[in-house]
Visitor: 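Could you have a look at this structure, given as structure tokens, before my questions?
Fair warning: this is a prediction, and the values are worked out from it, not measured in the lab.
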Amino acid sequence: MGSSFSLTDVPLIAPSYRPSSRLPISSEKDYPAFYQRSIEHVGAYWATVAQELVWDQMWHADMQGELPNFEFFKNGYLNVSANCIDRHAQRHPHRQALKWISETGEEKTWTYSQLLDQTARMASFLRQQGIQPGDVVAIFLPNLLESFAAVHACYRIGAIYNIIFSGFSQEALYDRLVETKPRIIITADGTYRRGRIIPLKQTLDRIVERIDSVEHVIVIRRANTAITMTRPRDIFWDDILHDVTTYQDPLPIEANQPGFIIYTSGTTSKPKGLIHSGAGFLVGAYHNVKFTLDLGENDVYWCTADTGWLTFPIFELVGGLAHGASMIVYEGAMDYPTPAHFYQILSHNQVTKIFTAPTWLRMLARFGESLAHEYALDTLQLIGLVGEPLDANTWQWVRQHLGSGQVDINNTYGQSETGSAWASGIAGVTAMKPGSCGPALPGHAYQIVNANGEPEALNTAGTLVLTQPFPALTRGIWGNRERYYTQYFSQYPGRYNTFDTAVEDSNRHLWVLGRIDDVINVAAHRLSTMEMESVILQLPGVAESAVIGVDDTLKGQVPVAFVTLRDNSLKQENWNAKVGEQISQQIGSIARPAQVYVIDAMPKTRSGKIVRRLLKEIVTTGRAEGDRTGMENPEIVDTLVAQLQEAIHLQTDDS
């Protein structure tokens, strides 16, 4: 059964941002009818969106089939690269496309003409090597200018690129290469993170001999470190472009052909290589960025995600470029060498819109308002968020200190599988609620259902499912079509299972409470860890919170909470009592944590998500032996183990 939801009294916050004429609606009162038409005629709606892009050949049918077997724009042909680069380079060749900034202080800029030059010549080289539409090229790169050219060189010739997070270990890298059998791998000698060089080529060298399909490794000279180049397999990027003078024209690619593969993290099972169609992803990302950010050619825009997480292709690599904005490309940690670095980039570059993670905004609040007030951020209009819900306290802090109440904050929700953050406020149109993901964007039909697949009432938690196809939705799992069906469509036939627990409130806002596994059962009561975390974050002095469920012989499970504080002097306070009282008052005594641990820092991924499974492992086993690959701060794990072991020891002595 579903459980009642207690955050329905969160007030609506009207937008300060004024939407442009790019958006098809300008008032929230227009949304219900517009949305309803979009899901009653899904194919026609997405055809209208697709017609805003450049097609080489128009399609025969807007949409065919239904979940899980569907196609959009059948027998329509376009090229993603041409839509993201060529059409802007033709009109504004000298306009800045990308400005690369590193934590080292280095900067470099490409115009749209320069981006086209690098992309078209690299695509020409790939064709010279015999790469055909449907061949796989692996991209193991950090946030570099060349990362854009590498991806779009693949799009230009119809190659399928397998994009891989640059922080992965050698075995995680191997797992993502061995299935896809790439003919070419594009990487860099190294990259910088918190002052350290991450040796990408060296990591690849340890496993590349085990990938029989590899013919060439293309290496970008980034860190200029000493590396082993195995000739003739290994070739430097700049040497290629020195020799290649021919431009590859963009090839027309059928709309449903695979464009790229991106693997899920694989923390609980074998990683899944999700397949997205090139044209479908372009249409979905273009639509997502348009509605969520109202992005235009006059914007200076920064998506802070890593190239290897799907947020970056959606909101910058493809979706951002499709709108012709001038974009920041950042390599490294945003608070390195000092927390002021982030503000310096925003102020110096007069950034108008950013897309980031809620965790990062909590970190800014932790750094304090005096730092925020040192930098003029008059141009900043809109902050888009994905990853985790943003609590009300941080929401208000950001509006007060980053923009004097004028900066809009737009929470969103999506998955790697959906290829878009499909639940989102519409920029300048939707009144938002701190913690919610906003309403569904047009063209996305959903339900919240119980275990029997029956729709739940408003304000009642259930499983979030998608009921109709849309272009950006994954088309399969690489090499395992059957797993695609059983993973996502077996429990609720004809509907895509997100495996997330959610609530729809009376304003039709979606509140995603976490993975189904994140809803814990305490004495037969289903409790949302997200809801508890939001309540804890309301306490003055709390910077971040995380809640897990641990086994209990009496109640089945009990909540255990973790907090970081804005000031170390607050550690002396009785946080067990303060957090317990807060949750008891706001949710009920049944949700009172069995223990509250104050820690120095949360373990996080580079996309800003707290690694709760690691906290659970330390508390339940006293060790941290799980995979640390992809963590932003793996160096704190040993500190956490020591801190929590000491706290558990003191707790045992007190009892």
Visitor: Indicate every side-chain donor-acceptor pair of residues 465-472 with a distance under 3.5 Å to a residue at least two apart or in another chain.
Guide:
from, atom 1, to, atom 2, distance (Å)
Thr467, OG1, Ala445, O, 3.4
Gln468, NE2, Ile39, O, 2.8

Visitor: Is there a side-chain contact between Ile409 and Val398 in this structure, where contact means two heavy atoms from C-beta onward sitting under 4.5 Å apart?
Guide: yes
Visitor: Using side-chain contact (heavy atoms from CB on, under 4.5 Å), reason through Asp294 and Lys353 one step at a time and then give a plain yes or no.
Guide: CA-CA 9 Å; Asp294 189 20; Lys353 296 168 185 176; 4.1 Å; yes
Visitor: Indicate the atoms forming the closest heavy-atom contact of Asp299 with Ala325, along with that distance.
Guide: O-CB, 3.9 Å
Visitor: Evaluate the side chain to side chain donor-acceptor pair (under 3.5 Å) criterion for residues Thr292 and Ser424: first the C-alpha distance (whole Å), next the side-chain angles of each, then the deciding distance (0.1 Å), finally the verdict.
Guide: CA-CA 6 Å; Thr292 298; Ser424 165; 2.8 Å; yes
Visitor: Between Met532 and Ala591, which heavy-atom pair has the shortest distance, and what is it?
Guide: SD-O, 3.6 Å
Visitor: Does Ser81 reach the side chain of Thr119, with side-chain heavy atoms less than 4.5 Å apart?
Guide: yes
Visitor: Looking at every heavy atom in both Ala502 and Leu464, which two are closest together, and how far apart are they?
Guide: CB-CB, 4.0 Å
Visitor: Any side-chain heavy atom of Asn480 within less than 4.5 Å of one from Glu482?
Guide: yes
Visitor: Kindly indicate whether the side chain of Ile536, heavy atoms from C-beta on, has any atom under 4.5 Å from the side chain of Val547.
Guide: yes
Visitor: With heavy-atom distances below 4.5 Å as the criterion, would you say the side chains of Ser326 and Arg95 are in contact?
Guide: yes
Visitor: Sequence neighbours excluded and cut-off under 3.5 Å, please list the side-chain donor-acceptor pairs for residues 311-324, or say none.
Guide:
from, atom 1, to, atom 2, distance (Å)
Glu316, OE1, Cys303, N, 2.9
His323, NE2, Tyr286, O, 2.9

Visitor: What is the distance from atom OH of Tyr330 to atom CG of Asn143, rounded to the nearest 0.5 Å?
Guide: 10.5 Å
Visitor: Give, for atom CD1 of Ile426 and atom OH of Tyr35, the distance between the pair rounded to the nearest 0.5 Å.
Guide: 11.0 Å
Visitor: Determine, stepwise, if the pair Tyr413 / Asp500 fulfils side chain to side chain donor-acceptor pair (under 3.5 Å).
Guide: CA-CA 11 Å; Tyr413 163 77; Asp500 281 329; 2.5 Å; yes
Visitor: If you measure from CZ on Phe355 to CG on Leu293, what distance do you get to the nearest 0.5 Å?
Guide: 6.5 Å
Visitor: Do the side chain of Thr460 and the main chain of Glu456 share a donor and acceptor less than 3.5 angstrom apart?
Guide: no
Visitor: Kindly say whether Gly414 contributes a backbone atom to a donor-acceptor pair with the side chain of Thr418 at under 3.5 angstrom?
Guide: no
Visitor: Between Leu382 and Ala427, what is the shortest heavy-atom contact and its length?
Guide: CD2-CB, 3.8 Å
Visitor: I'd like to know if Glu544 and Lys604 make a salt bridge, using a cut-off of under 4.0 Å between side-chain N and carboxylate O.
Guide: yes
Visitor: Describe, in one word, how the ring planes of Tyr155 and His152 are oriented to each other, choosing from parallel (under 30°), tilted (30 to 60°) and perpendicular (over 60°).
Guide: tilted
Visitor: Roughly how far, to the nearest 0.5 Å, is CG of Asn459 from CD of Glu504?
Guide: 9.0 Å
Visitor: Between Tyr45 and Glu40, is a side chain to side chain donor-acceptor pair (under 3.5 Å) present by the stated rule, with each step listed?
Guide: CA-CA 9 Å; Tyr45 175 76; Glu40 288 175 353; over 6 Å; no
Visitor: Quick one: salt bridge (Lys or Arg N to Asp or Glu O under 4.0 Å) partners of Arg399, sequence neighbours excluded?
Guide: Asp408
Visitor: Determine, stepwise, if the pair Glu297 / His88 fulfils side-chain contact (heavy atoms from CB on, under 4.5 Å).
Guide: CA-CA 9 Å; Glu297 294 180 349; His88 306 306; 4.2 Å; yes
Visitor: Working to the nearest 0.5 Å, report the span between CG of Leu282 and CD1 of Ile253.
Guide: 13.0 Å
Visitor: Could you state the interatomic distance from OG1 (Thr474) to NE2 (His276), rounded to the nearest 0.5 Å?
Guide: 4.5 Å
Visitor: Do Leu473 and Phe70 touch side chain to side chain, with heavy atoms closer than 4.5 Å?
Guide: yes
Visitor: So does Leu78 get a backbone contact from the side chain of Gln57, meaning a donor-acceptor N/O pair under 3.5 Å?
Guide: no
Visitor: Just by distance, no angles: are the side chains of Tyr496 and Gln415 close enough, under 3.5 Å, to form a donor-acceptor pair?
Guide: yes
Visitor: The criterion is ring pair (Phe, Tyr, Trp, His ring centres under 6.0 Å); which residues satisfy it with Trp59, sequence neighbours excluded?
Guide: Trp55, Phe73
Visitor: May I ask you to decide if Phe499's main-chain N or O and Asn497's side chain share a donor-acceptor pair within less than 3.5 Å?
Guide: yes
Visitor: Going through the checks in order, is the ring pair (Phe, Tyr, Trp, His ring centres under 6.0 Å) test met by Trp46 and His444?
Guide: CA-CA 10 Å; Trp46 286 108; His444 300 87; 5.4 Å; yes
Visitor: Could you walk me through whether Phe489 and Tyr484 pass ring pair (Phe, Tyr, Trp, His ring centres under 6.0 Å), step by step?
Guide: CA-CA 8 Å; Phe489 301 98; Tyr484 172 65; 5.3 Å; yes
Visitor: Is the closest basic N to carboxylate O distance between Glu533 and Arg612 below 4.0 Å?
Guide: yes
Visitor: Without swapping roles, check the side chain of Asn411 against the backbone of Leu385 for a donor-acceptor pair under 3.5 Å.
Guide: no
Visitor: Examine distances only and state if a side-chain atom of Asn288 and a backbone atom of Ala421 form a donor-acceptor pair shorter than 3.5 Å.
Guide: yes
Visitor: Any donor-acceptor pair under 3.5 Å linking the side chain of Ser20 with the backbone of Arg22?
Guide: yes
Visitor: Please lay out, stage by stage, how Trp478 and Ile160 fare under the test side-chain contact (heavy atoms from CB on, under 4.5 Å).
Guide: CA-CA 11 Å; Trp478 186 264; Ile160 302 171; 4.2 Å; yes
Visitor: Is a donor on one side and an acceptor on the other found under 3.5 Å between the side chain of Asn256 and the backbone of Glu71?
Guide: no
Visitor: In the structure I gave you, are the side-chain heavy atoms of Lys74 and Met63 within less than 4.5 Å of one another anywhere?
Guide: no
Visitor: Are the side chain of Asn69 and the backbone N or O of Gly65 linked by a donor-acceptor pair below 3.5 Å?
Guide: no
Visitor: Asn162 side chain to Arg176 main-chain N or O, any donor-acceptor pair under 3.5 Å?
Guide: yes
Visitor: Not counting sequence neighbours, which residues clear side chain to side chain contact (heavy atoms under 4.5 Å, CB included) with Pro252? List them please.
Guide: Asp56, Tyr77
Visitor: Per the side-chain contact (heavy atoms from CB on, under 4.5 Å) rule, which among Pro68, Pro493, Ser490 passes with Tyr485?
Guide: Pro68
Visitor: Is the closest basic N to carboxylate O distance between Lys433 and Asp505 below 4.0 Å?
Guide: yes
Visitor: Evaluate the salt bridge (Lys or Arg N to Asp or Glu O under 4.0 Å) criterion for residues Asp86 and Arg156: first the C-alpha distance (whole Å), next the side-chain angles of each, then the deciding distance (0.1 Å), finally the verdict.
Guide: CA-CA 10 Å; Asp86 296 53; Arg156 204 165 187 83; 2.8 Å; yes
Visitor: Would you name the heavy atoms of Leu274 and Thr264 that are closest together and state the gap between them?
Guide: CD1-CG2, 3.7 Å
Visitor: List for me each residue that meets salt bridge (Lys or Arg N to Asp or Glu O under 4.0 Å) alongside Glu254, sequence neighbours excluded, and say none if there are none.
Guide: none
Visitor: Would you say that Ile477 contacts Tyr488 through its side chain, given a criterion of any heavy-atom pair below 4.5 Å between the two side chains?
Guide: yes
Visitor: Compare every heavy atom of Met432 with every heavy atom of Trp395, then report the nearest pair and how far apart it is.
Guide: CH2-CB, 3.6 Å
